[in-house]
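In what follows, a single structure is set out as structure tokens and then discussed.
Below, each value reflects all heavy atoms present in this structure, side chains not excepted, and no hydrogens, waters or symmetry copies.
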Amino acid sequence: MVSDAADERAWILAAQEGDQAAFGHLVLRHQRRAYAVARAIVLNHEDAEDAVQEGFLHAFKALDRFLPDQPFGAWLYRIMANASLDLVRRRKVRDADELPETLAMPFRDPGESDELRRRLTESLTKLTDRQRSVIVLHDVEGFTHGEIGGMLGIPEGTARSDLHHARAALRKMLKDVRSDL
């Protein structure tokens, strides 16, 4: 682990000096979790990919302002969260006139044929963006309340509260799932 941290620090310093290959190493190291952060906020794979690409571009442009003694992952995932939230906001403005009475998920993965997955996905779309982000980042991706707060720019206690309210809302929406299946 020490060499991993040392490697990352060396790549950060090299990238800050303009070494694009070093930044490429940072991208490779963090791309899976960056995608997980974005996917927790946006509703489909394509938007998550767009948000990650935009996030890495923002990170590259802001790299000169990053302090190498700080945790790079936390800094990067905050940028990813912001890029994802920006994309969601832009889509809401653009799509406001096009929303049908009932929302259908634009992306369908093979597991969605399962009724529980369909109902859960539908219920997640009814949560606020922040509640959905918090519940997926915590319960699916395993981030701590503090990490989530840092990514979303909210206090840790607010992340805890949002998680509690998101779970309660999901329980309410899915209370009849067992009797329906």
Side-chain angles (χ1 to χ4, degrees), residues 1-92 107 109 120-121 124-125 127-167 170:
M1 187 72 176
V2 173
S3 71
D4 283 348
D7 287 347
E8 182 165 278
R9 188 175 182 347
W11 290 333
I12 291 166
L13 293 171
Q16 286 180 322
E17 295 296 320
D19 185 341
Q20 292 183 0
F23 188 75
H25 286 292
L26 294 168
V27 169
L28 289 174
R29 176 173 280 190
H30 291 280
Q31 67 186 357
R32 191 200 69 73
R33 286 207 94 180
Y35 175 84
V37 168
R39 186 67 171 94
I41 296 169
V42 302
L43 292 176
N44 63 57
H45 170 72
E46 291 81 8
D47 286 348
E49 285 186 332
D50 289 347
V52 169
Q53 186 173 5
E54 195 170 306
F56 276 121
L57 181 61
H58 287 303
F60 183 74
K61 289 178 178 178
L63 198 56
D64 62 324
R65 295 189 305 267
F66 175 73
L67 303 173
D69 295 331
Q70 302 299 313
F72 182 75
W75 177 79
L76 179 65
Y77 303 142
R78 172 76 187 262
I79 290 172
M80 291 298 162
N82 287 335
S84 301
L85 289 167
D86 287 346
L87 189 140
V88 167
R89 283 190 281 271
R90 284 194 310 269
R91 291 271 153 83
K92 279 184 179 176
F107 176 76
D109 65 28
L120 179 60
T121 301
L124 283 170
T125 65
L127 297 175
T128 66
D129 294 334
R130 197 169 80 193
Q131 284 178 333
R132 184 178 56 254
S133 301
V134 169
I135 200 165
V136 174
L137 288 170
H138 186 274
D139 291 349
V140 177
E141 295 302 325
F143 286 101
T144 66
H145 299 291
E147 290 171 328
I148 294 167
M151 283 181 231
L152 300 180
I154 58 176
E156 181 176 339
T158 301
R160 285 181 192 277
S161 175
D162 283 350
L163 180 62
H164 170 77
H165 291 292
R167 286 176 175 164
L170 283 178

Go through the steps for Ile148 and Leu163 under the test side-chain contact (heavy atoms from CB on, under 4.5 Å), then give the verdict. CA-CA 10 Å; Ile148 294 167; Leu163 180 62; over 6 Å; no

Can you find a pair of side-chain heavy atoms, one from Gln70 and one from Trp75, that are under 4.5 Å apart? no

Pairing residues for His164 by the side chain to side chain contact (heavy atoms under 4.5 Å, CB included) criterion, not counting sequence neighbours: none

Assess whether side-chain contact (heavy atoms from CB on, under 4.5 Å) is satisfied between Leu13 and Glu17, documenting all intermediate values. CA-CA 6 Å; Leu13 293 171; Glu17 295 296 320; 5.8 Å; no

Candidate pair Arg39 and Val140, rule side-chain contact (heavy atoms from CB on, under 4.5 Å), full reasoning: CA-CA 11 Å; Arg39 186 67 171 94; Val140 177; over 6 Å; no

Return the OH to CG distance between Tyr77 and Asn82, rounded to the nearest 0.5 Å. 15.0 Å

Would you give the length of the straight line joining atom CD1 of Ile135 to atom OG1 of Thr128, rounded to the nearest 0.5 angstrom? 10.5 Å

Using the test salt bridge (charged side-chain N to carboxylate O under 4.0 Å, His left out), find all partners of Glu156 that sit at least two apart in sequence or belong to another chain. Arg160

Out of curiosity, Arg33 CZ to Leu76 CG, how far, rounded to the nearest 0.5 Å? 11.5 Å

Across all chains, not counting sequence neighbours, the side-chain hydrogen bond (donor to acceptor under 3.5 Å, both in side chains) partners of Asp19 are none

Qualifying residues under side chain to side chain contact (heavy atoms under 4.5 Å, CB included), relative to Ala81, sequence neighbours excluded: Val37, Ile41, Met151, Leu152

Which residues pass the ring pair (Phe, Tyr, Trp, His ring centres under 6.0 Å) test with His145, sequence neighbours left out? His138

Looking only at heavy atoms, what is the nearest atom pair of Ala48 and Val42, with distance? N-CG2, 3.3 Å

Contacts table for residues 50-67: side-chain donor-acceptor under 3.5 angstrom, sequence neighbours left out:
residue, atom, partner, partner atom, Å
Glu54, OE1, Arg90, NH2, 3.1

Provide the full list of salt bridge (charged side-chain N to carboxylate O under 4.0 Å, His left out) pairs with a residue in residues 66-83, sequence neighbours left out, each pair given once. Arg9-Asp69

The side chain to side chain contact (heavy atoms under 4.5 Å, CB included) partners of Ser161 (sequence neighbours excluded) come to His165

Between Ala159 and Val134, the two heavy atoms sitting closest are O-CG1, 3.4 Å

Testing the basics here: between Ala166 and Leu127, what is the closest heavy-atom pair and its distance to 0.1 Å? O-CD2, 4.0 Å

Applying salt bridge (Lys or Arg N to Asp or Glu O under 4.0 Å), run through Arg29 and Asp4 and close with a yes or a no. CA-CA 10 Å; Arg29 176 173 280 190; Asp4 283 348; 3.7 Å; yes

Scan residues 136-146 for pairs that pass salt bridge (charged side-chain N to carboxylate O under 4.0 Å, His left out), counting only residues two or more places apart or in two chains. Arg32-Glu141, Asp139-Arg167

How would you list, by chain and number, every residue that makes a side-chain hydrogen bond (donor to acceptor under 3.5 Å, both in side chains) with His25, sequence neighbours excluded? none

